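This structure is a prediction, so every number in the text was calculated from the model and none was measured. Counting starts at 1 for both ligands and their atoms, following the listed order.
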Amino acid sequence: MTPKIAQFLRDHAPATPCLVLDVDRVEANYRRLKAALPLARVYYAVKANPAAPILSRLTALGSSFDAASWEEIEACLAAGARPDAISYGNTIKKVSAIQAAHAAGVTMFAFDSEAELDKLARHAPGARVYCRILVENKGAEWPLSRKFGCELEMARDLMVRARDLGLDPYGISFHVGSQQTSTAAYEGAIARVAMLFTDLKDAGVKLRMVNLGGGYPVRYRAEVPGIDDFGMAIMGAMTQHFGNDLPEMLIEPGRFLVGDAGVVSSEVVLVSRKGKDDPVRWVYLDIGRFGGLAETEGEAIKYSFRTPHDGGADGPVTIAGPTCDSTDTLYEKSNYRLPMALSSGDRVELLSTGAYVTTYASQAFNGFRPLAEHYV
Ligand SMILES: *Cc1c(COP(=O)(O)O)cnc(C)c1O
């Protein structure tokens, strides 16, 4: 929690649940990332938190943007981003959205299939296109499975086809999975990209760009490697495979830029037990899975908690949200402990919740309103 957030909570005691996010911290994270990877252009993954104050600050810093929908593109443009600083990075796009992006001057598009490539050739003629390949997501706490990307051999054929369709075969992208805790994931992925560059050069297609995607982790409960470790591993692999002929490098950080800039403030609704001698207390908060904490599914992302009683005796807890849905249980198996003194009415902070929270909130499930947001 930054001093600005602490002061805002102290001075305003805003109604809970709410997110308070320090935009200066986003700027600091952007600068740290640029220092760790000075040769890479930053395309902020808008879906992590599309709030206007974040997009405006990043625009002022010279950031580019990775957008996944026409609506996200509009949000970037409204924040002052130039269309040529926006990459339409979703490999699954409606024709109407491709047309709107093309008409707005967006020139860079992702794809991972022949059908999508054909849509791009038709509705965004001449665009710079990059193919997303499948890579290992081992080491990622929020993996992306096989939903996006294609096999190398298919990527090779599709890039040749892109050229034949009159598109600009710009480069290759991958995503090693979100909250990636292993630097080796990037090294393995870069080796695969390098093979494709060679194959395509032999086929007469000279690629110019590697998009290293997102994945750079935030510290939650457990320690993670620092951004400098990722920078060194990535630059080491790039020079090992490309030598002096380095292509343009793009990165698409989401979580890393905004995650530790935000704090969710919530209220304890109830502390109870299921039996008189049950050692485990159930702690119900006024925010849960449907209030924005979607990444607690499978207890994948393990947020840290701060309470007014920290430092006192603690005991085991199951932590749940306020709705009448059994999946609205946040942590049952991850050995969370909270102070014995915790009781209903206490305010509890969930740390590093600036990413993938606000827009994951349901509209009004069980009548609960979406998360309030304060940018300071
Ligand atoms: C979600 C996403 C990102 C951001 O991932 P983080 O793990 O938050 O850094 C980057 N690129 C693409 C294509 C994405 O879908």
Could you tell me which atoms of ligand 1, counted from 1 in the order shown, lie closer than 4.0 angstrom to a heavy atom of Gly215? 5 (O), 6 (P), 7 (O), 9 (O)
For Pro253, take its heavy atoms, then give the atoms of ligand 1 lying under 4.0 Å from any of them. 9 (O)
Tyr303 ring center within less than 6.0 Å of Tyr331 ring center: no
Within the 4.0 Å heavy-atom shell around Ala45, which atoms of ligand 1 are there? 3 (C), 4 (C), 10 (C)
Pairs of donor and acceptor atoms involving the side chains of residues 250-272, under 3.5 Å and at least two apart or interchain, shall be tabulated with distances.
residue: Glu252; atom: OE2; partner: Asn211; partner atom: ND2; Å: 2.7
residue: Arg255; atom: NE; partner: Ser178; partner atom: OG; Å: 3.3
residue: Arg255; atom: NH1; partner: Tyr220; partner atom: OH; Å: 2.9
residue: Arg255; atom: NH1; partner: Glu295; partner atom: OE1; Å: 2.9
residue: Arg255; atom: NH2; partner: Ser178; partner atom: OG; Å: 3.0
residue: Arg255; atom: NH2; partner: Glu295; partner atom: OE1; Å: 3.4
residue: Arg255; atom: NH2; partner: Glu295; partner atom: OE2; Å: 2.8
residue: Asp260; atom: OD1; partner: Asn29; partner atom: ND2; Å: 2.8
residue: Asp260; atom: OD2; partner: Arg25; partner atom: NH1; Å: 3.1
residue: Ser265; atom: OG; partner: Arg347; partner atom: NE; Å: 3.4
residue: Ser265; atom: OG; partner: Arg347; partner atom: NH2; Å: 3.0
residue: Ser265; atom: OG; partner: Glu349; partner atom: OE2; Å: 3.0
residue: Ser266; atom: OG; partner: Val348; partner atom: O; Å: 3.2

Ligand 1 to Gly254, heavy atom cutoff 4.0 Å, flagged ligand atoms 4 (C), 6 (P), 8 (O), 9 (O)
Between Tyr186 and Phe230, is the ring centroid distance below 6.0 Å? yes
Contact check, Ala48 vs ligand 1, heavy-atom distance below 4.0 Å: no
Short list, please: which atoms of ligand 1 are under 4.0 Å from a heavy atom of Tyr356? 1 (C), 4 (C), 5 (O), 6 (P), 8 (O)
Just going by heavy-atom distances, which of Glu252, Lys47, Arg132 is nearest to atom 11 (N) of ligand 1? Glu252
Which of the numbered atoms in ligand 1 are below 4.0 angstrom from a heavy atom of Ser178? 6 (P), 7 (O), 8 (O)
Under 3.5 Å side-chain donor-acceptor pair for Arg128 and Thr107: yes
With heavy atoms under 4.0 Å as the rule, classify the contact between Asp66 and ligand 1 as side chain, backbone, both or neither. side chain
I want to know if ligand 1 touches Gly214 in the polar sense, i.e. an N/O pair below 3.5 angstrom. no
With the 4.5 Å side-chain cut-off for hydrophobic clustering, are Ile190 and Leu144 part of the same group? no
Does the side chain of Arg41 pick up a donor-acceptor pair with the side chain of Tyr43 at under 3.5 Å? yes
Does a donor on one side chain sit under 3.5 Å from an acceptor on the other, for Thr323 and Asp328? yes
With hydrophobic residues grouped by side-chain heavy-atom distances under 4.5 Å, do Val42 and Met235 end up in a single group? yes
Can you name the atoms of ligand 1, numbered from 1 with element, that are less than 4.0 Å from a heavy atom of Arg255? 6 (P), 8 (O), 9 (O)
Considering both backbone and side-chain atoms of His175, is one of its nitrogen or oxygen atoms within less than 3.5 Å of a nitrogen or oxygen in ligand 1? yes
